[in-house]
Student: 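This is the structure I want to talk about, given as structure tokens.
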Number of protein chains: 2
Amino acid sequence: MSSVFKALSDPTRRRVLEMLRDGPKSAGELAGAFDVSKPTMSAHFAVLRDAGLVASEKDGKSVFYHLQMSVLEDALFGFAQTFGWERREDISTTGRPVLKEGKA
Amino acid sequence: MSSVFKALSDPTRRRVLEMLRDGPKSAGELAGAFDVSKPTMSAHFAVLRDAGLVASEKDGKSVFYHLQMSVLEDALFGFAQTFGWERREDISTTGRPVLKEGKA
DNA sequence: TCGACAATTAGCTAATTGTCTATTTATGAG
DNA sequence: CTCATAAATAGACAATTAGCTAATTGTCGA
């Protein structure tokens, strides 16, 4: 949990996650979108991977990263539940969980 | 946003927030629940205050902290919305927003 | 095998973090 | 005014972080 929030505390890393919303992208493709060196981006990827927020697969020369939605979901909603919000699955229209007012 | 996630990345600070769920508590009362020095706790309070997650009021010799629910809510749900979750207000039974499957 | 390319690792610096003890500030009681 | 209590500030220190350049590893095409 701490490692997830730590990972989310950097704007570059949050933007990487957003870039992965619609599918996997290579390390180079991701790095190209930011104004920092490749090794620096590689370190950011490592933080995200260690937090479990992304997973990587090697394909030829490239490494592709993809979002681990469920980890993001569990951290965000798991914490929110502590404060009385409630995850709802029942009325979902898009397939992702819903967080609703809890009885907590 | 970064400062909120940074604040949430420490377990001590998350527990402080949880302790404030049911109402304000003094700095001493909060500090007493943890196994670190008062000044260390004071630093944690400052991080939470700078992130906007808590506010403080002085009452006599004591300082009382209370949760700023809306800031927590906006950070958590604002970020979640980026990933297609949707905040719902309509079916809430406890008065807190609901996060549901988005069309995003 | 050689060269180019993609990505990570190594090694470094500067800045930030979490922790401590000691000190200071502010309030209230006698 | 003086003392005790609550909390924050100051100053020190070890550990971590984000960033860089340079070097290394792995994979392909010629």
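A, B, ... follow the sequence lines: proteins, then strands. Residue 1 opens every chain.
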Student: Within this structure, what is the CG-to-C1' distance between A:Leu48 and D:dT17, rounded to whole angstrom?
Tutor: 14 Å
Student: Tell me which nucleotide among D:dA8, C:dT27, C:dT8 gets nearest to the side chain of B:Phe45.
Tutor: D:dA8
Student: Taking the nucleotide of DNA chain D with the nearest heavy atom to each, does A:Asp59 or A:Thr40 sit closer to the 5' end?
Tutor: A:Thr40
Student: Taking the minimum atom-to-atom distance to the side chain of B:Pro39, which one of D:dA18, C:dT16, C:dA22 wins?
Tutor: C:dA22
Student: Where the side chain of A:His44 is concerned, which of C:dT21, C:dT8, D:dG19 is the nearest nucleotide?
Tutor: D:dG19
Student: How do A:Gly60 and B:Ala27 order along DNA chain D: which one's closest nucleotide is nearer the 5' end?
Tutor: B:Ala27
Student: What's the NZ-C1' distance between A:Lys61 and D:dT25, to the nearest Å?
Tutor: 14 Å
Student: Do A:Phe77 and A:Trp85 have their ring centres less than 6.0 Å from each other?
Tutor: no
Student: For D:dA8, take OP1 and OP2 only and decide whether either is under 4.0 Å from a side-chain N or O of B:Tyr65.
Tutor: yes
Student: Between C:dT17, D:dG26, C:dT8, which nucleotide gets closest to the side-chain atoms of B:Lys6?
Tutor: C:dT17
Student: Roughly how many Å is it from CG in B:Asp50 to P in D:dA8, rounded to a whole number?
Tutor: 12 Å
Student: Ignoring backbone atoms, test whether A:Ser37 places a side-chain nitrogen or oxygen under 4.0 Å from the OP1 or OP2 oxygen of D:dC20.
Tutor: yes
Student: Is there a side-chain contact between B:Ser62 and the phosphate of D:dA6, meaning an N or O under 4.0 Å from OP1 or OP2?
Tutor: no
Student: If the cut-off is 4.0 Å, is A:Lys38 near the phosphate of C:dC5, judged by side-chain N/O to OP1 or OP2?
Tutor: no
